[in-house]
Amino acid sequence: MAKKSQWTLVGKRKLELSNLEKVLFPEDGVTKAEIIEYYLKIAPTLLQHIKGRALTLIRFPDGIHGENFYQKNRPEWAPDWLEFVKLGKEEKKDYIIATEPASLVWLANLASLELHQLHSRKPDFEHPDYMVFDLDPPEGYDFPKIVALALDLRTFIESFGYTCFVKTTGGKGIHICCPLEPKWDFHTVFEAAQAIALPFTERFPKETTLHIKKEARKGRVLIDIFRIRSGQSIVSPYSLRGRIGAPVSMPLTWDELTLVKNPREFNINNAVDK
DNA sequence: GGTTGCT
DNA sequence: AGCAACCAACGCCAA
DNA sequence: TTGGCG
Ligand SMILES: [Mn+2]
Ligand SMILES: [Mn+2]
């Protein structure tokens, strides 16, 4: 592997990219160059979804089998054009905001395979603009069974007057997102989600639970509403995941979701076309 | 992955 | 110039 | 305060 770096122009930004031929997904032979290329191609779509959102990165500098770590803080040595917002305790952290294709390329060069997002948008970081229901299946759960549960949950949520959008997580689960006016704080939105999820788990007690502890779940699907808190994040739509197959969190219509047998159908090789 | 500090 | 060390999240709850 | 959890 040639460990050189090379300069490139993305829009009006000059970027130094390193180790472009380094393989970060060994089973799939996917190099850092291909990851950067993916994020460049998906940029017009992805940027719309993460516009104004504070990001959390998951970086895999030594590939998906090497050490990985979350990163929320924008490093001191980031380029001055990379936008950020001070958030968190005492506004201690400079959260990154991606505003242009070059932002995504800069992040990809750091091996930020996964982009996760907070639930609020600039300029109103105190008020989430969606309510998310994160379906977390136990090990070995058949994906079509999660799909069936998601369809039921959708009907249930919409009976409360919300509209539901859905995406695969790129892992084993599903995210249901309900757009909101950024008018209520995190606690209020959490309680609204709880007021929906609790009766849902009571209707399907054998299949679903609100217990986050593994021991208490007993093979049931966790309806994880506990992401709805300030400083918490979910994987962004169209983000890669650091797993074998280079899967992508893929937004789908409900009709499309019905046909999905395996969420690994959506990956770095086909996500751009969709 | 990038930076800093030591040899 | 080369190399080793160091750093890179957070919120909540039960124990 | 720590450990488990996503
Ligand atoms: Mn999940
Ligand atoms: Mn390294």
Side-chain angles (χ1 to χ4, degrees), chain A residues 1 3-6 15-24 31-33 35-36 39 53-64 66-79 82 84-96 105-120 125-126 128 132-139 141 146 169-176 185-187 189-191 193-194 197 208-218 220-236 239 241-243 249:
Chain A
M1 168 203 336
K3 186 200 174 274
K4 14 192 309 306
S5 56
Q6 95 185 34
L15 291 174
E16 185 177 13
L17 305 179
S18 63
N19 302 321
L20 287 174
E21 295 312 308
K22 186 166 181 176
V23 176
L24 298 184
T31 63
K32 201 162 86 173
I35 291 155
I36 291 169
Y39 277 113
R53 296 192 188 283
L55 298 177
T56 296
L57 321 172
I58 306 184
R59 295 179 49 195
F60 298 75
D62 295 311
I64 64 171
E67 266 190 37
N68 68 81
F69 54 91
Y70 280 73
Q71 182 165 343
K72 288 177 181 287
N73 200 43
R74 171 188 187 271
E76 283 304 319
W77 38 266
L82 187 72
F84 65 96
V85 57
K86 291 186 175 302
L87 292 176
K89 258 191 170 68
E90 301 175 25
E91 307 194 326
K92 239 11 188 166
K93 238 80 185 176
D94 292 345
Y95 280 79
I96 293 166
V105 172
W106 188 82
L107 294 171
N109 182 58
L110 294 184
S112 307
L113 298 186
E114 302 195 13
L115 302 183
H116 294 231
Q117 63 187 24
L118 302 199
H119 312 313
S120 56
F125 293 100
E126 299 306 312
V132 61
F133 297 81
D134 170 19
L135 280 60
D136 287 334
E139 205 62 32
Y141 207 83
I146 291 281
T169 64
K172 298 174 173 191
I174 288 177
H175 286 160
I176 298 177
D185 64 20
F186 281 90
H187 180 70
V189 174
F190 171 78
E191 300 222 301
Q194 192 174 45
T208 65
T209 179
L210 288 181
H211 289 299
I212 198 162
K213 294 286 186 212
K214 296 264 197 195
E215 186 276 333
R217 286 192 220 166
K218 305 206 153 75
R220 297 122 97 201
V221 174
L222 170 62
I223 310 296
D224 185 359
I225 53 177
F226 308 103
R227 296 317 94 214
I228 310 176
R229 315 214 110 123
S230 88
Q232 296 302 97
S233 60
I234 60 169
V235 66
S236 294
S239 171
R241 303 308 302 267
R243 299 161 170 262
S249 176

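Quick caveat: nothing in here was measured; it's all calculated off a predicted structure. Lettering follows sequence order; numbering is per chain, from 1.
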- Message: Pair A:K22, A:D62 - check salt bridge (charged side-chain N to carboxylate O under 4.0 Å, His left out), show working.
- Response: CA-CA 9 Å; A:K22 186 166 181 176; A:D62 295 311; 3.3 Å; yes

- Query: Any idea which heavy atoms bring A:S18 and A:N109 closest together, and the distance?
  - Reply: N-OD1, 2.9 Å

- If we take the C1' atom in both B:dG1 and C:dC10, what is their distance in whole Å? 22 Å

N/O contacts under 3.5 Å, protein versus nucleotides 2-6 of chain D?
unit_1 : atom_1 : unit_2 : atom_2 : d
D:dC5  : O3'    : A:R217 : NH2    : 3.0
D:dG6  : OP1    : A:K214 : NZ     : 3.4
D:dG6  : OP1    : A:R217 : NH1    : 3.1
D:dG6  : OP1    : A:R217 : NH2    : 2.3
D:dG6  : O3'    : A:D134 : OD2    : 3.4
D:dG6  : O3'    : A:D136 : OD2    : 2.8
D:dG6  : O3'    : A:D224 : OD2    : 2.8
D:dG6  : N2     : A:Q232 : NE2    : 2.6
D:dG6  : N3     : A:R227 : NH1    : 3.3

- What heavy-atom pair brings A:Y39 and A:L113 nearest, and what distance separates the two atoms? OH-O, 2.6 Å

- Task: Round to the nearest Å and state the distance from A:K22 atom NZ to B:dG2 atom C1'.
- Result: 12 Å

- Message: Please check this pair: side chain of A:T31 against backbone of A:E21, looking for a donor-acceptor N/O pair closer than 3.5 Å.
- Response: no

- Between A:Q71 and A:R59 the two heavy atoms that sit nearest each other are OE1-NH1, 2.8 Å

- Pairing of DNA chain C as dot-bracket, 5' to 3': ( ) intra-strand, [ ] crossing, | other strand, . unpaired, with Watson-Crick or G-U pairs under 3.5 Å? |||||||..||||||

- Query: In whole Å, what is the span from the CG atom of A:L210 to the C1' atom of C:dC12?
  - Reply: 15 Å

- Task: Could you measure between the two P atoms, the one in D:dG6 and the one in C:dA8, and give it in whole Å?
- Result: 24 Å

- Query: Shortest non-hydrogen contact from A:S236 to A:Q117?
  - Reply: OG-OE1, 3.1 Å

- Item | Gap in Å between the two C1' atoms, one belonging to C:dA9 and one to D:dC5, rounded | 14 Å

- Message: Closer than 3.5 angstrom, by distance alone: can the side chain of A:K72 be matched with the main-chain N or O of A:G231 as a donor-acceptor pair?
- Response: yes

- Is the shortest side-chain N/O distance from A:S230 to OP1 or OP2 of C:dC10 below 4.0 Å? no

- Message: Is it the case that over 12 heavy atoms from other parts of the model lie below 6.0 angstrom from the CD atom of A:E16?
- Response: yes

- Check A:H119 against A:R227 and note the closest heavy-atom contact, atom names and distance. NE2-O, 2.9 Å

- Could you verify whether a donor N or O on one side chain and an acceptor N or O on the other, from A:K218 and A:T209, lie under 3.5 Å apart? no

- Query: Do you know which two heavy atoms are closest between A:R241 and A:E114, and how far apart they sit?
  - Reply: NE-OE1, 3.0 Å

- Task: Check whether any side-chain nitrogen or oxygen of A:N19 sits under 4.0 Å from OP1 or OP2 of B:dG1, and answer yes or no.
- Result: yes

- Task: Would you mind building the protein contact string for nucleotides 2-8 of chain C? One character per nucleotide, 5' to 3', B for base within reach (heavy atoms under 4.0 Å), S for sugar-phosphate only, - for untouched.
- Result: ------B

